[in-house]
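Data block below; observations after.
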Amino acid sequence: QGTKWLLVVDIGGGTTDLSLVQVQATAGLPELTRRGVGAHLMLGGDNMDLALAHGLEAEMAAPQPRLSAARFAQLVQRCRVAKEQLLAQDAPEAVTVTLLGSGAQLMGGARSAQLRRERVQQMLLEGFFPLQPADARPQQRQAGLLAWGLPYPADAAITRHIAAFVKAHAPLLGPQGVPDSVLFNGGVFHSPAIAQRVFEQLTQWRGAAPRVLINEHPDWAVARGAVAYGLERAQRGQPAANAQAAPRGLRIGGGSARSYFLRLDSDDSALRAICILPQGSEEGVAVRLADQRFALRLGQAVRFHLL
């Protein structure tokens, strides 16, 4: 009954995405409205694989200090397979990671090392999902180069990013300031250990256990969501005579997650912009700027800055 708040924690191979959905009970299907969307973080299972590979590199490369790029990439893939085995429900005590040689030394140049379950869980749970106070905030990058040109966050602790997201939306969430339900999505949550750690963190902040929504296939969300969205759109296009038909899809409202602006040139240094798409705008709704007048530059190269 009443209003509930659902936190969606979506951690895939390369990204982490957080969403806050308001669930309003009605006589029929509940009304779902997205109220918050976090930053698109370049942080996920791939980073965990890299952390394990860096931990084994010195042992695998000896007597050299580093592996070649090709062999390190091979090691990352081996660590990914080992990680999935060691974080599974019935994980073995250890998994052997074997790195093949190259050329004539394909077998003779092979190297092996063991990854133990306790070590992997310690590295990944404490490194990426440490238990944090509710007021924790992710570290910010001061300077430096970005690996491969991708904007990786300066802080790998995903729980601190979740804390900042929840705190930013606390005014919506009532006295507890923490969502009462959570949905785990993305391939990382095939691991019960990681799902349990995030559950423990939310329980600690909330002072009570949140409801965990069942998601048996956390890496199917994009495909299933596309089908549900298509069914819902098809139903909206049906004639009024079919209005009483059973709903085939449940649409999440909320419109545009952010506002979008075009920067305007001005005679002074002040930054001015005009909103061309307000936050919450629904698709297919025209935004008319009837009260605005603009000057147009002719015969000059111009650039439109979207903010």
Side-chain angles (χ1 to χ4, degrees), residues 7-20 36 38-57 76 79-80 82-89 91 94-95 115-142 144 146-147 150-170 173 176-212 218:
L7 174 66
V8 181
V9 183
D10 185 350
I11 307 177
T15 60
T16 292
D17 294 282
L18 306 172
S19 301
L20 181 66
H40 190 61
L41 301 172
M42 300 295 294
L43 184 61
D46 294 347
N47 303 80
M48 302 175 198
D49 304 338
L50 283 167
L52 295 175
H54 281 299
L56 287 181
E57 184 179 22
V76 171
C79 286
R80 178 183 62 81
K83 175 199 70 178
E84 292 172 354
Q85 293 175 328
L86 293 169
L87 292 179
Q89 185 71 55
V95 170
L115 275 176
R116 301 197 64 80
R117 182 178 61 198
E118 292 80 3
R119 178 186 177 188
V120 169
Q121 293 191 355
Q122 170 72 17
M123 286 183 64
L124 301 188
L125 293 183
E126 299 306 323
F128 291 87
F129 301 94
L131 292 175
Q132 298 288 295
D135 59 356
R137 296 294 175 269
Q139 301 172 9
Q140 300 299 317
R141 177 180 283 108
Q142 299 300 317
L146 301 181
L150 298 176
Y152 291 119
D155 194 335
I158 294 174
T159 42
R160 283 197 282 270
H161 291 283
I162 297 175
F165 177 79
V166 170
K167 182 65 175 178
H169 296 88
L173 298 171
Q176 288 185 314
V178 180
D180 43 55
S181 302
V182 62
L183 173 66
F184 297 129
N185 195 56
V188 164
F189 286 113
H190 280 297
S191 164
I194 292 178
Q196 179 63 27
R197 172 55 66 93
V198 178
F199 172 80
E200 290 173 2
Q201 180 69 94
L202 293 172
T203 300
Q204 182 188 95
W205 293 339
R206 191 168 177 264
R211 175 183 297 176
V212 179

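Computed from a prediction, not measured in an experiment: that's the story for all the values here. Quick note: numbers below take in every heavy atom, side chains included, and nothing from hydrogens, waters or symmetry partners.
- Atom CD1 of Ile158 and atom CZ of Arg197 lie 12.0 Å apart (nearest 0.5 Å).
- Side-chain contact between Gln204 and Glu200: absent, with no pair of heavy atoms (C-beta onward) separated by less than 4.5 Å.
- Listed for the Trp205 side chain is no donor-acceptor partner under 3.5 Å among the backbone atoms of Gly177.
- When all heavy atoms of Ala136 and Ala163 are compared, the pair lying nearest together is O-CB, 3.6 Å.
- The OG atom of Ser191 lies 7.0 Å from the CG atom of Leu125; values are rounded to the nearest 0.5 Å.
- The neighbour count for Arg211 CZ, taken as heavy atoms of other residues, nucleotides or ligands under 6.0 Å away, does not exceed 12.
- Side-chain contact between Ile194 and Phe128 is absent, with no heavy-atom pair separated by less than 4.5 Å.
- Counting only heavy atoms from C-beta outward, the side chains of His161 and Leu41 approach each other to under 4.5 Å.
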Would you give me the side-chain donor-acceptor pairs under 3.5 Å for residues 46-56, sequence neighbours excluded?
from  : atom 1 : to    : atom 2 : distance (Å)
Asn47 : OD1    : Gly44 : N      : 2.8
Asp49 : OD1    : Lys83 : NZ     : 2.9

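- Taking all atoms of both residues into account, the shortest heavy-atom contact from Leu43 to Asp155 is CD2-O, 3.8 Å.
- At a threshold of 4.5 Å between non-hydrogen side-chain atoms, the residues Val95 and Val120 do not count as touching.
- Between Gln121 and Ala193 the shortest heavy-atom distance is NE2-CB, 4.3 Å.
- Scanning all heavy atoms of the two residues, the minimum distance from Leu87 to Pro192 falls at O-CD, 3.3 Å.
- Every residue meeting the ring-ring contact (aromatic ring centres under 6.0 Å, His included) condition with His169, not counting sequence neighbours, appears here in chain and number order: Phe165.
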Throw together a table of side-chain donor-acceptor distances under 3.5 angstrom for residues 180-189, partners on residues two or more places apart or in other chains.
from   : atom 1 : to     : atom 2 : distance (Å)
Asp180 : OD1    : Trp5   : N      : 3.3
Asn185 : OD1    : Asn215 : ND2    : 3.1
Asn185 : ND2    : Asp10  : OD2    : 3.3

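- No side-chain heavy atom of Val8 sits less than 4.5 Å from a side-chain heavy atom of Leu18.
- Taking all atoms of both residues into account, the shortest heavy-atom contact from Ala154 to Gln139 is CB-O, 3.8 Å.
- Shortest non-hydrogen contact noted between Pro179 and Leu173 is CD-CD1, 3.8 Å.
- Atom CD of Gln89 and atom NE2 of His190 lie 13.5 Å apart (nearest 0.5 Å).
- Side-chain atoms of Thr159 do not come within 3.5 Å of backbone N or O of Leu131 as any donor-acceptor pair.
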